[in-house]
Amino acid sequence: MAKTLLRSGCLDDFLALGENGQAVFDSAFQIRETLRLRKQQAVADALAIPQPNDEGDRVDWYAPQEGSVTSWAAASDEERRTALRYLDNCLSNVASLSARCQQAEKTSIRLFGALLEKALQFPGSQHVYLVNGKPVITFWGFVNLNQGARDDVLECLRVVESREPEIAFIPEETMPEPEPLPVEISEPEKPLLEAPMAVQVDDDSPVYSLTAVKKAAAEEEKPAPSPEPVAVAAKPRRRWLLPVAAVIAVAIAAPVGYLLLSGSQTAPVATAQAEVPPKPIAPAPIQAVDVAKTTLPLTPAEVVVPPKPEPAPVAAPEENPEPITVAADVPKNALILPAEAVKIGSTKFLNGTWRAQIDFSDPITGKAPSLRYQIANNKGTVRLVHGDNIVCKAEVFSGLHQNGALMIKTRGSARCGDGSRYPMPEVTCKTGSNGAAVCTGRYEGDKVIPITFRKVSN
């Protein structure tokens with residue numbers, strides 16, 4: 001039955017964990033099978049099944065069982081809590097089993113215990129899936145680059161997103177209205193209208209007393225008593241004529257004075273200039289002047305023909321021209337030996353990950369083995385996959401020969417996951433005619449096989 005594919009990825013994107021040069025990923029099948037035989041089926045079901053490709057640089061992870069798949073990010077809080085309890089139980093069982101195996105006498109069992117201790121490490125929560133509600137870990141035995149193994153393996157799954165703080169609205173306190181301050185007046189207000197002061201007026205003054213007027217008005221409001229014949233002395237009628245006469249005198253004196261003052265000034269006389277009509281000016285007559293006729297001596301012109309330029313000598317074509325050689329295009333990501341780097345003895349151009357293709361096939365499987373070199377500062381490792389996805393590894397070192405050739409050698413044969421050994425070639429690279437490096441691999445017995453290098457990453 002086909003399994004459910006959970007995740008795919010490149011092995012170079014992560015850091016493989018291991019013990020004594022043995023990676024957990026290289027023993028993934030043995031670890032799952034040993035857990036099943038040790039009656040730890042729950043732990044085995046929590047580890048996805050890896051399936052590397054033919055070149056050994058990518059791997060597909062499949063679920064041990066069929067069912068609906070949910071990513072860790074899409075799972076509900078209840079599903080996460082249940083899966084976390086499940087993984088906590090698996091982690092405690094693995095810890096106890098690893099401790100017992102590391103105390104064993106056999107070296108192979110102690111190595112299995114050390115690998116099992118790092119088996120449940122994984123890069124992050126995005127590599128955990130829920131299959132029928134049970135957690136399944138992909139890329140187990142790996143961590144992120146430039147990171148080490150976590151003390152708490154499930155730390156990335158325990159992170160709880162902080163919720164936004166709730167803002168509580170506090171009602172505003174009602175302030176009591178201030179009591180009005182009492183207004184105290186130091187002095188009593190005076191009435192706006194006071195009784196006018198009495199003015200004593202004699203008989204010659206035209207101003208009357210206001211008090212006398214008020215008294216007269218009050219007396220008019222009182223009921224008139226019965227009239228009694230009283231002899232009233234006649235008042236002189238000449239008092240009111242004084243102000244009237246003063247006003248009339250001022251009215252007559254004002255215009256008379258104005259006329260007297262204005263008459264002494266001389267009025268300006270505007271002298272109007274008589275307009276002079278323009279007289280037309282007749283233009284002066286133009287007299288025609290006879291131009292003296294002049295005659296010049298004329299001679300017939302001679303046309304001088306310029307000499308024809310001599311044709312330039314034409315070079316005779318060569319009988320056998322030399323062909324111009326054009327270098328072929330360098331393949332993409334091919335290994336190139338820079339002349340300047342070779343001259344100073346630097347191999348920085350070799351730093352990175354390289355894929356090597358060997359020009360021969362395995363007689364059993366019919367497939368060519370896949371090599372992957374990872375070199376930094378003339379040191380690194382080589383990973384070889386051959387046969388039925390058997391992975392082998394070995395340490396390598398590189399350098400430049402005095403003749404400018406690049407040498408890549410291994411320290412003995414590669415160690416394989418099934419316990420066997422695999423011979424590794426001694427690689428020699430020289431600059432070819434098209435600029436790309438031409439490499440060969442020399443095995444034991446002076447057997448030379450062409451090898452092609454392609455850069456994968458830096």
Side-chain angles (χ1 to χ4, degrees), residues 1-18 23-25 27-29 31-36 38-53 58-98 115-167:
M1 182 182 297
K3 303 297 182 181
T4 303
L5 176 63
L6 298 178
R7 194 178 185 90
S8 299
C10 185
L11 295 178
D12 293 335
D13 296 338
F14 305 96
L15 178 63
L17 301 178
V24 175
F25 175 74
S27 305
F29 294 99
I31 291 175
R32 295 188 77 260
E33 185 64 19
T34 304
L35 290 173
R36 187 184 65 83
R38 296 267 184 157
K39 297 181 180 181
Q40 297 292 337
Q41 187 64 39
V43 181
D45 291 341
L47 303 178
I49 301 174
Q51 184 63 42
N53 60 353
R58 292 184 62 85
V59 62
D60 299 332
W61 298 87
Y62 294 89
Q65 299 176 356
E66 291 291 334
S68 60
V69 179
T70 306
S71 64
W72 185 264
S76 62
D77 294 341
E78 184 62 29
E79 291 175 339
R80 292 182 185 181
R81 285 192 291 268
T82 304
L84 196 58
R85 288 195 297 268
Y86 186 95
L87 292 177
D88 281 331
N89 294 333
C90 294
L91 192 61
S92 60
N93 294 337
V94 167
S96 60
L97 180 59
S98 174
L115 295 176
L116 185 62
E117 184 181 4
K118 303 175 182 178
L120 290 183
Q121 295 280 347
F122 55 95
S125 61
Q126 67 272 20
H127 296 83
V128 179
Y129 296 85
L130 300 182
V131 181
N132 289 335
K134 294 183 178 181
V136 178
I137 303 174
T138 62
F139 280 95
W140 50 277
F142 291 87
V143 293
N144 292 319
L145 295 176
N146 301 325
Q147 293 183 1
R150 295 185 296 271
D151 296 335
D152 184 3
V153 178
L154 306 178
E155 179 183 2
C156 58
L157 303 181
R158 304 183 196 275
V159 176
V160 179
E161 297 181 358
S162 59
R163 298 182 179 179
E164 296 182 359
E166 298 181 357
I167 301 175

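Note that the coordinates shown come from a computational prediction; the quantities given were computed from them, not determined experimentally.
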S.K.: Would you find a donor on one side and an acceptor on the other, under 3.5 Å apart, between the side chain of Y86 and the backbone of A42?
M.R.: yes
S.K.: With no hydrogens and no angle check, is any side-chain donor or acceptor of W140 less than 3.5 Å from a backbone partner on A48?
M.R.: yes
S.K.: My understanding is that only one of D151, D152, V153 makes a side chain to side chain contact (heavy atoms under 4.5 Å, CB included) with E155; could you say which?
M.R.: D152
S.K.: Can you check whether V59's main-chain N or O pairs, donor with acceptor, with R7's side chain at less than 3.5 Å?
M.R.: no
S.K.: Find out whether L116 and L35 are in side-chain contact, i.e. whether some heavy atom of one side chain is under 4.5 Å from a heavy atom of the other.
M.R.: yes
S.K.: To the nearest 0.5 angstrom, please state how far the CG atom of L130 sits from the CG atom of L6.
M.R.: 10.5 Å
S.K.: List for me each residue that meets side chain to side chain contact (heavy atoms under 4.5 Å, CB included) alongside N144, sequence neighbours excluded, and say none if there are none.
M.R.: F14, P123, Q147
S.K.: For R38, which residues count as a side chain to side chain contact (heavy atoms under 4.5 Å, CB included) partner, sequence neighbours excluded?
M.R.: T34, Q40, L97, C101
S.K.: Could you give me the CA-CA distance, side-chain angles and deciding distance for K118 and V143, then say whether side chain to side chain contact (heavy atoms under 4.5 Å, CB included) is met?
M.R.: CA-CA 10 Å; K118 303 175 182 178; V143 293; over 6 Å; no
S.K.: Where do A44 and R32 come nearest, in terms of heavy atoms and distance?
M.R.: O-NH2, 3.1 Å
S.K.: At what distance, to the nearest 0.5 angstrom, does CG of L115 lie from CG of L17?
M.R.: 10.0 Å
S.K.: Give, for atom CG of L47 and atom CD1 of I31, the distance between the pair rounded to the nearest 0.5 Å.
M.R.: 8.5 Å
S.K.: Classify the ring geometry between F139 and W61 as parallel (under 30°), tilted (30 to 60°) or perpendicular (over 60°).
M.R.: tilted
S.K.: Show the nearest heavy-atom pair for residues D45 and Q65, with the distance to one decimal.
M.R.: OD2-NE2, 3.5 Å
S.K.: If I take atom CZ from residue F142 and atom CG from residue D13, how far apart are they, to the nearest 0.5 angstrom?
M.R.: 10.5 Å
S.K.: CG/D12 to CG/L145 distance, rounded to the nearest 0.5 angstrom?
M.R.: 8.5 Å
S.K.: For the side chain of S98 and the backbone of A95, is there at least one donor-acceptor N/O pair under 3.5 Å apart?
M.R.: no
S.K.: Just verifying a value: how many Å separate S76 OG and R81 CZ, rounded to the nearest 0.5 Å?
M.R.: 8.0 Å
S.K.: Below 4.5 Å, heavy atoms only, C-beta onward: do H127 and I137 meet side chain to side chain?
M.R.: no
S.K.: Using atom types as modelled and distance alone, determine if a side-chain donor or acceptor of Q121 lies under 3.5 Å from a backbone N or O of R150.
M.R.: yes
S.K.: Can you confirm whether L87 sits close enough to L91 that some side-chain heavy atom of one is under 4.5 Å from a side-chain heavy atom of the other?
M.R.: no
